[in-house]
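Each remark here refers to the structure printed beneath this line.
Model, not experiment: these values are computed from the prediction. The analysis underlying the following values was restricted to heavy atoms, covering all of them including side chains, and did not include hydrogens, waters or symmetry mates.
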Amino acid sequence: MTTKDDKTKNWRPATKLVRGGLDRSHHGEVSEALYMTQAYAYDSAEQAEQSFLGEVEHYVYSRYGNPTVTMFEERLRLLEGSTHCTALASGMAAVFCSLASQLKQGDRLIASTALFGACFHIIANILPNWGIRVEFVEGTDLSAWEKALSTPAQAIFIETPSNPTLAILDIKAISDLAHKAGAKVVVDNVFATPILQRPLELGADIVTYSATKHIDGQGRSLGGAVLSNDASFMDKQLTPFYRNTGPSLSPFNAWILLKGLETLDLRVARQCDNALDIAQFLEGQDAIERVLYPGLKSHPQHELAMAQMNGRGSTVVSFEVKGGKAEAFKTLNALNIMDIANNLGDAKSLVTHPATTTHQRLSDAERETMGIHPNLIRLSVGIEDVQDLKDDLAQALLS
């Protein structure tokens with residue numbers, strides 16, 4: 001019997017992004033159908049009972065599943081090369097569910113220090129209230145991982161490239177160490193996207209995404225996803241957790257994300273090209289103290305980034321301006337094209353000041369440990385003409 005994977009296994013990423021997961025109704029629609037329904041009618045009471053027992057394949061309730069959501073899950077799964085994908089309401093729902101569904105009181109979680117502010121808050125301040133033991137390590141230091149994993153742990157959590165300092169962590173080496181300690185590896189792959197990096201192929205067990213970012217790519221919708229080849233985790237831990245706690249993705253948001261996936265490959269390629277050009281430009285500016293971009297040879301993990309991220313350096317450039325917070329604010333306020341906003345991965349170039357926005361809830365000491373200084377600006381590079389973007393930065397730095 002021919003399966004869906006048999007038909008699609010030889011498709012290249014760009015084809016999967018346009019054709020993957022399409023499940024037409026009897027109308028034969030070309031675009032993905034949007035199923036705006038809360039519940040589903042059964043042919044009989046017996047079918048309803050069998051559906052709840054999982055004995056027959058039938059949608060039960062849209063908190064559990066929806067045909068439009070399933071199409072999004074299938075398309076992203078094919079791109080990632082995983083066996084399972086669960087779509088959720090946001091990126092933070094994906095991160096929280098991936099951890100909370102598998103950890104219990106007394107378990108040990110190890111995380112890299114450099115994390116998105118909300119991820120750090122969950123791990124540092126919420127999970128310990130449940131009796132989960134938490135330890136942070138410098139993510140780029142393999143000896144620190146080796147020491148932390150010399151005793152058993154249940155899970156580790158990393159993001160690479162990190163937000164906003166763009167540190168690159170060695171997924172394969174960390175996964176090898178984690179598995180020896182009995183820990184599952186969860187990777188937040190938001191900055192790289194599955195176009196640049198596939199953590200499961202490097203040894204990770206679970207991958208999370210904020211689909212709000214590159215996957216949508218046009219600032220329209222919230223969404224998240226968890227992907228894995230671990231059927232037991234996905235079916236027995238994650239699925240009951242999200243179905244009963246409720247962070248399900250809405251059909252409308254799933255439909256928007258499906259359309260976003262169609263152009264993901266094109267957008268990420270253009271954004272990476274623009275980002276490298278801008279990073280090289282910024283390195284030559286007198287007003288710049290430091291540029292953080294994995295595509296530059298000056299980046300401390302440049303070689304690892306090139307090997308691990310398909311020869312690309314990400315769509316995000318972070319840089320420090322001379323003069324501290326005041327000069328950073330002055331530069332942000334002088335930009336004419338780029339918007340000040342907290343999102344990233346958008347077709348439009350967006351800038352933010354992490355110390356006072358995305359990582360504002362952290363203490364000064366925590367931000368310092370992460371390398372988030374008051375003069376740091378994060379630039380999510382869009383698909384505009386790169387010369388216009390460089391001209392905008394040049395005039396802002398001279399203002």
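The one candidate from T315, T193, D346 that meets the side chain to side chain donor-acceptor pair (under 3.5 Å) condition with H214 is T315.
Among residues at least two apart or in separate chains, there is no ring-ring contact (aromatic ring centres under 6.0 Å, His included) pair with a member in residues 178-199. Counting only residues at least two apart or on different chains, the side chain to side chain donor-acceptor pair (under 3.5 Å) pairs with a member in residues 299-309 are Q197-Q308. Among residues at least two apart or in separate chains, side chain to side chain donor-acceptor pair (under 3.5 Å) pairs with a member in residues 91-105 are K104-D107. The ring-ring contact (aromatic ring centres under 6.0 Å, His included) analysis of residues 215-261, with sequence neighbours excluded, yields no pairs.
In summary, K322 and E289 do not engage in a salt bridge, as defined by a charged side-chain N under 4.0 Å from a carboxylate O. Between D176 and K180 there is no salt bridge, since no side-chain N of the basic residue sits under 4.0 Å from a carboxylate O of the acidic one. Between R367 and D364 there is a salt bridge, with a side-chain nitrogen of the basic residue lying less than 4.0 Å from a carboxylate oxygen of the acidic one. A salt bridge does not link E32 to R24: none of the charged side-chain nitrogens sits closer than 4.0 Å to a carboxylate oxygen.
Looking at residues two or more places apart in sequence or on another chain, you find no ring-ring contact (aromatic ring centres under 6.0 Å, His included) involving F52. Remark: Y40 engages Y59 in a ring-ring contact (aromatic ring centres under 6.0 Å, His included) (not counting sequence neighbours). With sequence neighbours excluded, no residue satisfies side chain to side chain donor-acceptor pair (under 3.5 Å) with N343. Every ring-ring contact (aromatic ring centres under 6.0 Å, His included) that H353 has, sequence neighbours left out, goes to F329. Listed by chain and residue number, W130 satisfy the ring-ring contact (aromatic ring centres under 6.0 Å, His included) test with F96 (two or more places apart in sequence, or in another chain). Remark: E135 engages R108 in a salt bridge (charged side-chain N to carboxylate O under 4.0 Å, His left out) (not counting sequence neighbours). For S318, there are no side chain to side chain donor-acceptor pair (under 3.5 Å) partners at least two apart in sequence or on another chain.
E138 and T140 share a side-chain donor-acceptor pair at under 3.5 Å. No side-chain donor-acceptor contact under 3.5 Å links Q395 and S399.
By the neighbour-count criterion of 12 heavy atoms within 6.0 Å, atom NZ of K390 is densely surrounded, having more than that number from other residues, nucleotides or ligands. Heavy atoms from other residues, nucleotides or ligands lying under 6.0 Å from CZ of R19 number 12 at most. Within a 6.0 Å sphere centred on CG of N333, other residues, nucleotides and ligands contribute more than 12 heavy atoms. More than 12 heavy-atom neighbours from other residues, nucleotides or ligands sit within 6.0 angstrom of NZ on K259.
Grouped with V30 in a hydrophobic cluster is no other residue, since no side-chain heavy-atom contact under 4.5 Å to another Ile, Leu, Val, Met, Phe, Trp or Tyr is found.
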